[in-house]
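Here is the structure we will look at.
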Amino acid sequence: MWSRVAGSALDSLIPAGYVPPMSAYDVCIIGAGLTGLLVARKFIESGKRVLLVERGGEYLPEMEDRNGWWREETVSEVPTPDGRILTRNTFDGAEELFPDLAACDTRNAPWNFQYNMWRGVGGSGQMWSGMAWRLAPHDFRLHDTFGTGRNWPISYEDISPYYDRAEALLEVSGPGADVAETYRYWPWKNNYAYPPFRLSYLDTSFQASIGEIGEIVMQPHAVRNRPASEGGCVGAKTCVSFCPTGAIFKSRDRLFDDIAMDDNLEIMVETCCLSLDWDEGSGRITGAILRERGSEEEIPVEADLFFLCANALENILLIRRSEVRTGKVFGKTSPQVGRRFSSHGAFTYSVLTDQPVFPVRGRPTHGSVIEWVDRTPEERRNGVTMEVWQSDFLRGYHPREHLEKDIAAGHWGVTLFRRMAEYERRFAISFVFETEMSDITGVSLSPDYTDAYGMPLPLVKVSLGENDENTISFIRRKVAEIAESPGIARLEQIGCGLNGNHPLGGLTMSDSAETGVVDRYGRSHDFSNLYITGGGAFCSTGSFNPTLTITALALMTLDDPRLGLVSEP
């Protein structure tokens, strides 16, 4: 095993004087996130020689050094004359700590796609809240059920066994059948590894206020619900950046360490895949061109199989950049690449209550309202969930942050005291809604902006359709009802937009090259030795967090009989 990365924790794995071979591999995997690590592990177990390429580096934070933790803070530049905006993820010290930050050329504010995903070992499975929802069964049959959008080529029944396996792999805690059957809406049959995190005092107080407006139910989390002495959750509220007990499933911690020293695995981190090449006659990917950070040397790689395991946006970019660099069209599916790209829309509100709700107790979230996912065709709207957050995004996560913000704003004396007294009475709610994947939305290459490797940034075009506008109207009606509920002192909208870390679509799953890019197993319609994992295959966004579905689809990919791998029970 070898690693080409300078100045990271992986340096210790490089033998002194080692020179990497330039020979062919059985499998080349681009992206060392959750799906990339799953694919690598499976092929290594089958005795295949695997090359794993990761654009980012390592992330091993210390509990005491919170200034070095990853954060999702997107800033926008001044719009161009044609309405485009450059958005990028940055914060104090970010460029030194994380020198390859994501950025995006986008338009249609406030519904522009503010790209803020993590690049590094573990990928988005290293930087997430652990919410592990399945898509609703009707999400796979949108057109048949509601007369809008597209059907997936697979049904919920097809993917359900893989959801079971994904929940076991991620060690999900969630409500058992005896609890779920009491909910007004819970469309699945789950067999969770651990019991659910019970609703918090905040949840139950809020439920008492909103009454029949919506039922707050316990959520599934890829977080071990067991005593802290056994590696369980301690409610530190630091899930995305760092878990002090290891309770949350992190791809790097749970998957990478198991395979890192295997003789069948070679790793290149802080290394970008610049492009793929292909032979149109044979319908096969023939190689990839890599480049390490800080180097101008281009490294050619050959393999029998190629897996694109980055997120949806990065996979789309690699294909489009490959077309530019090679001067060739990416097969029959090229017109479909980047089309129907979208993400989840969201509105976030700060809620002030009459009485304390003690928002610092427990995990960031315990409960959600999911019954609004269900609707009738006559409503002509999309699905909506409402997350209840044990914090107030407007004021911060901790009394110290509140104090610093209020002092900086000029508050002092009695005014400051009253502001601080509001802390125990504040929390946030976030309405997450399914967005339409239309043929007019999509991803292309920016004509003006480039990344750290000199390659074009994505130019993302998204827009909201009639169903989306109806959905927003539905959300506003619910907000008005909640604002009038007993015990609610005030609601303030503090944000709206598209979730920058839920890129979905653009490499749509379909049964033909005329309507999509990959088949139901994630194999390219054009190239028999190319598979694409991640959220790009989605045919609808749903209104639930996508990580569990992405994991289930990756497990389904590895069961493709054409790969000749042994299926798991």
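Remember, predicted model here, so these are calculated numbers, not experimental data. FYI, side chains are in, hydrogens and waters are out, and symmetry mates aren't considered; it's all heavy atoms of this structure.
Ring pair Trp389/Phe431: centre-to-centre distance not below 6.0 Å. You'll find the ring centres of Phe307 and Phe43 inside the 6.0 Å limit. Aromatic rings from Phe427 and Phe206 are positioned such that their centres are separated by under 6.0 Å. For Trp111 and Phe433, the ring centers sit closer than 6.0 Å to each other. Taking the six-membered ring where the residue is Trp, the centroids of Phe98 and Trp118 are separated by under 6.0 Å.
The shortest side-chain heavy-atom distance between Leu255 and Phe249 falls under the 4.5 Å cut-off. Side chains of Met386 and Ile482 form a contact here, defined as non-hydrogen atoms less than 4.5 Å apart. In this structure the side chain of Val217 never reaches within 4.5 angstrom of the side chain of His366, judged on heavy atoms. Counting heavy atoms from C-beta outward, Asn467 and Arg381 have side chains that stay 4.5 Å or more apart. Counting only heavy atoms from C-beta outward, the side chains of Ser129 and Pro364 never approach each other to under 4.5 Å. Thr106 is listed as a side-chain neighbour of Thr87, based on a closest heavy-atom distance under 4.5 Å. Ile550 is listed as a side-chain neighbour of Phe538, based on a closest heavy-atom distance under 4.5 Å. Inter-residue side-chain proximity for Pro377 and Thr145 is flagged as unmet; no heavy-atom pair is nearer than 4.5 Å.
A side-chain donor from one of Thr35 and Thr533 sits under 3.5 Å from a side-chain acceptor of the other. Side-chain polar atoms of Asn470 and Ser473 form no donor-acceptor pair below 3.5 angstrom. A donor-acceptor contact under 3.5 angstrom links the side chains of Thr435 and Ser342, judged on distance only. No hydrogens or angles considered: a donor-acceptor pair under 3.5 Å links the side chains of Asn311 and Tyr115. With no hydrogens or angles considered, a side-chain donor-acceptor pair links Ser200 and Gln390 at under 3.5 Å.
Asp560 and Arg523 are not joined by a salt bridge, as no carboxylate oxygen comes within less than 4.0 angstrom of a charged side-chain nitrogen. The existence of a salt bridge linking Glu492 and Arg426 is confirmed by a sub-4.0 Å separation between a basic side-chain nitrogen and an acidic carboxylate oxygen. The pair Arg562-Asp519 counts as a salt bridge, with a side-chain nitrogen and a carboxylate oxygen less than 4.0 angstrom apart. A salt bridge links Arg165 to Asp559: at least one charged side-chain nitrogen sits closer than 4.0 Å to a carboxylate oxygen. A salt bridge is absent between Arg476 and Glu481: the closest approach of a Lys/Arg side-chain nitrogen to an acidic carboxylate oxygen does not fall below 4.0 angstrom.
Within the structure, side-chain hydrogen bond (donor to acceptor under 3.5 Å, both in side chains) contacts touching residues 212-224 (residues at least two apart or in different chains) are Glu171-Arg224, Arg184-Glu212, Gln219-His221, Gln219-Thr365, Gln219-Ser368, His221-Arg363. Sorted by first then second residue, the salt bridge (charged side-chain N to carboxylate O under 4.0 Å, His left out) pairs that include residues 117-143, not counting sequence neighbours, are Asp100-Arg119, Arg119-Glu314, Arg134-Asp164, Arg134-Glu167. Every pair tested for salt bridge (charged side-chain N to carboxylate O under 4.0 Å, His left out) that includes a residue from residues 535-547 fails, sequence neighbours excluded, so the list is empty. Residue pairs meeting the salt bridge (charged side-chain N to carboxylate O under 4.0 Å, His left out) criterion with at least one partner in residues 540-556, sequence neighbours excluded, do not occur; the list is empty.
Around NZ of Lys478, the count of heavy atoms belonging to other residues, nucleotides or ligands within 6.0 Å exceeds 12. With a 6.0 Å radius and a threshold of 12 heavy atoms from other residues, nucleotides or ligands, Arg490 has its CZ atom above the threshold.
Listed for the Asn89 side chain is no donor-acceptor partner under 3.5 Å among the backbone atoms of Glu72.
By the ring pair (Phe, Tyr, Trp, His ring centres under 6.0 Å) test, Trp128 is found to be paired with no residue, residues two or more places apart in sequence or in another chain being considered. Considering only residues two or more places apart in sequence or on other chains, Thr541 meets the side-chain hydrogen bond (donor to acceptor under 3.5 Å, both in side chains) condition with none of them. His502 is linked by a ring pair (Phe, Tyr, Trp, His ring centres under 6.0 Å) to His344, counting only residues two or more places apart in sequence or in another chain. Every residue two or more places apart in sequence or in another chain was checked for a ring pair (Phe, Tyr, Trp, His ring centres under 6.0 Å) with Tyr194, and none qualifies. For Tyr201, the ring pair (Phe, Tyr, Trp, His ring centres under 6.0 Å) partners are Phe358, not counting sequence neighbours. With sequence neighbours left out, Glu466 forms a side-chain hydrogen bond (donor to acceptor under 3.5 Å, both in side chains) with no residue at all. For Asp439, the side-chain hydrogen bond (donor to acceptor under 3.5 Å, both in side chains) criterion is met by Arg339, not counting sequence neighbours. With sequence neighbours left out, Glu181 forms a side-chain hydrogen bond (donor to acceptor under 3.5 Å, both in side chains) with no residue at all.
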request  = Test Phe113 against Phe341 for ring pair (Phe, Tyr, Trp, His ring centres under 6.0 Å), laying out the working first.
outcome  = CA-CA 10 Å; Phe113 181 74; Phe341 177 85; 5.4 Å; yes
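One distance of note links CE of Met63 with CZ of Arg66; it measures 4.5 Å at 0.5 Å rounding. Rounding to the nearest 0.5 Å gives a distance of 6.0 Å between CG of Leu565 and NZ of Lys42.
Taking the six-membered ring where tryptophan is involved, the planes of Phe242 and Trp69 are tilted, since the angle between them lies from 30° to 60°.
Annotation for Thr551 and Ala166: closest pair CG2-CB, 3.9 Å, computed over non-hydrogen atoms. Taking every heavy atom of both residues into account, Leu507 and Ile316 meet most closely at CG-CG1, 3.8 Å. When all heavy atoms of Ala236 and Pro244 are compared, the pair lying nearest together is CB-CG, 3.8 Å. Between Trp188 and Pro137, the shortest heavy-atom contact is NE1-CD, 3.8 Å. Between Ile216 and Asp203, the shortest heavy-atom distance links the atoms CD1-O, 3.6 Å. Residues Ser241 and Pro61 come closest through the heavy atom pair O-CG, 3.9 Å.
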